[in-house]
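Scroll down for the structure; my scribbles are underneath it.
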Amino acid sequence: MIEDAVRHIRSRTNVEPRVAVVLGSGLGAFADELNSPVPIPYTEIPGWPGSTAVGHAGKLIIGNLGQLPLAVMAGRSHLYEGYSPAQVVYGVRVLGLLGVRSLVLTNAAGGINPAFKRGALVLISDHINLQGSNPLAGANDDRLGPRFPDMSEAYCVRYRALARRVAEKLGIAISEGVYAAMLGPSYETPAEIRFLRTIGADVVGMSTVPEVIAANHMGMRVLAISCVTNMAAGILPQKINHQEVLETGAELRDTLVLFLKTLLPRLETD
Ligand code: HPA
């Protein structure tokens, strides 16, 4: 099945990306930066799960960012939509077999660390998986990677250092923190957020971690960026709504586009 997906993509384009970007909720604007883009709706790719969340376009776009051949996943599938962990990481595995060696993920997240403000960009330094599943559970596919992959540097240290340098040069403020992954789709309770803060989480979201596990399994290098679209439940005396999440994503749009455009061509992919 995965091989069919790879064949389908190769039948649509000769571009061979070694870098891929996954765009999160309301963060799809970056896809417009590609030259001669070949958009492939997920529904056309064998085995690829559809994408239903509002703010998720649901297509793979292959093209060039300047000189850099790039794959962009505009929209991802989430466990909370009812997809299996294997379905959630399908796209990452297809990209890995297509030759992608470096994966950059963006997501919308709630800010737990009180030093963060709505609109902050946070490089994920590590994660805590509280989704109750792991995409590698079940028979191991030895073609993809080992049974027990190491996760002690799941988020490439060199990529993070580069991302901080690029942000500084562009005058973009960027922090670093630990991402807690929840199943969703309900937002957390204030008690859950106090728990997450206690165990060392700085931001919380409902995505990214399955993809990061699958990418590490395949030996890809990973960089992940959270956009703090709202402060997490109970941090501020106000409710969370999905509209605010999308609005903050839209406000961050130009900053994130500039950041990715400058950063991606500088990632080493050897
Ligand atoms: N919690 C979980 N996921 C999120 C949040 C949040 O507060 N904001 C955006 N995605």
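As a basis for the values below, the full set of heavy atoms in this structure was taken, side chains included, without hydrogen atoms, waters or symmetry mates. Computed from a predicted model, the values in this text were never measured in an experiment. Every number for a ligand or one of its atoms is a count from 1 in the order of the listing.
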Hey, does the side chain of [X] reach the backbone of [Y] with a donor-acceptor pair shorter than 3.5 angstrom?
X    : Y    : result
S226 : V228 : no
Y179 : A109 : no
S102 : V19  : no

request  = Would you confirm whether the ring centroid of H242 sits within less than 6.0 angstrom of the ring centroid of Y187?
outcome  =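 No, ring centres 6.0 Å or more apart.
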
Close side-chain approach of T189 to F195, heavy-atom, < 4.5 Å =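 No - every pair of side-chain heavy atoms lies 4.5 Å or more apart.
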
Measure from every N or O atom of ligand 1 to the protein's N or O atoms and keep only the pairs below 3.5 Å, writing each with atom names and distance to 0.1 Å.
unit_1, atom_1, unit_2, atom_2, d
ligand 1, 1 (N), E188, OE1, 2.7
ligand 1, 1 (N), E188, OE2, 3.4
ligand 1, 7 (O), N230, ND2, 2.9
ligand 1, 8 (N), G110, N, 3.4
ligand 1, 8 (N), N230, OD1, 2.6
ligand 1, 10 (N), A108, O, 3.3

request  = May I ask you to decide if the ring planes of W48 and Y42 are parallel, tilted or perpendicular, using 30° and 60° as cut-offs?
outcome  =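 W48 vs Y42 ring planes: parallel.
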
